[in-house]
Amino acid sequence: MINLTVNGKSVSVPEGATILDAARKLNVKIPTLCHLENIHKTGSCRICMVEVEGARTLQASCVTPASEGMVVRTNTERVRESRKIMYELILSDHPKDCLSCSRNKSCELQAVGEIIQADESSYEGEKSKEYIDESSPSIVRDAAKCILCRRCVTICNEVQGVGILNAQDRGFASAISAGGKTLLGQAACTNCGQCTVVCPVNALHEKDSTQDVWAALANPAKTVVVQTAPAIRAALGEEFGYEAGTLVTGKMASALRDMGFDHVFDTNFAADLTIIEEGTEFLNRIVGMLYQKGAISAKKIDELGLHRNVNATIPMITSCSPGWIKFIEHYYPGQLGNVSSCKSPHMMLGALAKSYFAEKIGVRPEDMYVVSIMPCTAKKYEITRPEMVNGGVANVDAVLTTRELARMIKEAGINFEKLADGGFDSPLGLSSGAADIFGSTGGVMEAALRTVYELVTGRQLPFDKLHVAPIAGFERIKTAELVIENAKEEWAFLNGVAVKVAVTSGLVGAGILMNEIKDGESLYLFIEVMGCPGGCINGGGQPRPRDEKAKEKRMAALYREDEGKKIRKSHENPDIVKIYEEFLGKPLGHTSHELLHTTYTVRGRHGAAN
Amino acid sequence: MSNNETQCGCCEINENEKFSLLRQTIEKYEAKESNLIQILHMAQAIFGYLPENVLITIADEMNLSMSRIQGVVSFYSLFSTQPKGKHTIKVCLGTACYVRGGSKIVERIKELLEIDVGETTKDMTFSLEVMRCIGACGLAPAIAIDDTVYKRVNPNKLRQILAQYE
Ligand code: SF4
Ligand code: SF4
Ligand code: SF4
Ligand code: FES
């Protein structure tokens, strides 16, 4: 341990701790701006300066390690003056239109100002860059608001391993961009939106869809359907002051009804459906692989009602994260054959709303408007893909992030805290616990295993509370193995097969697993990839966390939601059984193929601009 | 490459050889990101400047994004993504020159040569740059063409000045 004093008070911190850590331990507040715990530490803004006895210059507390006997002062005239100057310098090149800025009251530049108390007279400087890049369907970049903290550079390069946003030029001209004249919409950007979560100001944010949705709600000719992704219920509350991880499923449903949506559905229903389709596809690929090896006969495949798939590629990789899909299309197009053909759940639900459901209520698909509430910015892009259209009608018309939904609830004058709990509507609203955990890394795999294992063996997945513990949590790559024994008679040929699975979240891990496949070294049969670190609970459209443990708490909430349900497995959802009986026929059948499955596109690794 | 023929006649190696030389260089530096600046240096030495297709090759070979590479290229003034003309015009935009119409001079030259700052004329005669201060503040506004400094430049006289170089 290292002993030092901060403002005269003694404190001990472990080796490697910074002055900032030591101050925080003493509850001494030092204003910070560029620093982002566990993610970004470059000491670029110099707002966190402190006086260290014996040092000639002030030190940036967020990057300066604490050392034995150090005497630190955080509240001297010199410190206050210096940070005021740093702050006023930033302000001099910043448009101060807070009242009409969507970050108003959630802006870190404003929050720091409260501590620093800059003079009103701070001078107006020449503005270095004023342009708004709206070329991307997901992310808007407002260069004028950028304070060059470079958090986005770290998250995009280091955490996501994509490297679209980087500092360009130098001095007064320096700016963050995709390089050269490339706009974000042309770059090989995955639209993951992680950069919009870490940006302290309004320089990176999601493309607004709230106006389109208000317009649809006001249009009497439209039947407006809404659906909510699993991860929303575990995070939306944070925008209304609840602690991270508070489940607000019931209030959310009530709020949506109060906003005027005609039908409130749950993407979870389609998550259950995904498990049936993707689980069947998985078995189909395994069988295809055995067929290629001559291990089973064509007759056997026909008996199982599967396809004789001579091109089956293993491992199969999940397809529900559109940021991940864009990543593989740009960077590993040779591995696209490994990706499941399933559309992401909300696209499936949109397609069913405008067919199955529209028919039931006698509405023409073109008069229906489907809104998806998603933790994700990439889904704004996904709905623009030409593949996501059936019968000339888009499956989904608008995507709102969790943050946008919160803004609309506030705008509608709804007192969220006071709402009574509501529920989802039939027939696309009921879901199993397996669907809830779709929002968390490891969840899709666990949900799939719950169903596939039971289908093949007739027995429940042999784990405590049905949780596949080795693939839960935040590690970059997690693996598990499940050997099939005592399979049902028709699946007896699978006895002894070791189902090795891998789970990753965040695109660095995805890259590692793809390189293994590329090099013919992949050990797995099934891989789950989610584009955002931790999965959708930490998606690019989620509330910007105020709590360092937000991810963990949101994850725990989803597992709680799962465990609280009577039905825990997708194939036991009665409305899923019903939709196959009434409408879809069988998994991977003709109707499924039309509505629920999709294709992918090879894209260059330098995007459209190069 | 369209400017191939206009490049000096002295270099005998053709475009393909240049690219294979570039690949060898990258290999020599083990495609390590920490050697990026040296690699870019060598690339500029080989090609004369750093056009987009060269940067793309470097990006692919080193498994880096274009944006990362462009970030480095644009940070150091010694790198150029434009071929350099026979003559380099530098317009001073230091405080004194700026106040006394330096930017008008830039605008006028842009008009006359039909290029932007940082670009080169189609006939490869002129490249246009701006500078912070060339030390002729007393006689602002000033420009330099290669090693010759022109002081108290009148925007209307620019055509004549440039004519001497064509
Ligand atoms: S980014 Fe923050 S400081 Fe800047 S205008 Fe918006 S709210 Fe105000
Ligand atoms: S959306 Fe993701 S990939 Fe695109 S710039 Fe932001 S962090 Fe990078
Ligand atoms: S865009 Fe946002 S995160 Fe990126 S450098 Fe600018 S202010 Fe920081
Ligand atoms: S917060 Fe320490 S330098 Fe920015």
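A, B, ... follow the sequence lines: proteins, then strands. Residue 1 opens every chain.
Nearest approach of A:R605 to B:L64, heavy atoms of both residues: NH2-O, 3.3 Å. The nearest pair of heavy atoms linking A:S177 to B:S67 is O-OG, 3.6 Å.
Inter-residue side-chain proximity for B:S65 and A:H606 is flagged as unmet; no heavy-atom pair is nearer than 4.5 Å. Considering only heavy atoms from C-beta on, A:T182 stays 4.5 Å or farther from B:M66 through its side chain.
Listed in order of number, the residues of residues 153-166 of chain A that approach chain B to under 4.5 Å between heavy atoms are A:N157, A:E158, A:V162, A:G163, A:I164, A:L165, A:N166.
Contact of B:T81 with chain A is not made at all, since no heavy-atom distance falls under 4.5 Å. Heavy-atom distances place no part of B:L55 under 4.5 Å from chain A, backbone and side chain included.
Atom CZ of B:F79 is surrounded by more than 12 heavy atoms from other residues, nucleotides or ligands within 6.0 Å. In this structure, B:Q164 places its CD atom where more than 12 heavy-atom neighbours from other residues, nucleotides or ligands lie under 6.0 Å away. Counted within 6.0 Å of CZ on A:R150, heavy atoms from surrounding residues, nucleotides or ligands total 12 or fewer; the atom is thus considered open. Annotation: B:K151, atom NZ; neighbour count of heavy atoms from other residues, nucleotides and ligands within 6.0 Å does not exceed 12.
In this structure, B:F75 CZ and A:Q168 CD are separated by 11.5 Å, a value rounded to the nearest 0.5 Å. The CD atom of B:E52 sits 10.0 Å away from atom NZ of A:K181, with the distance rounded to the nearest 0.5 Å.
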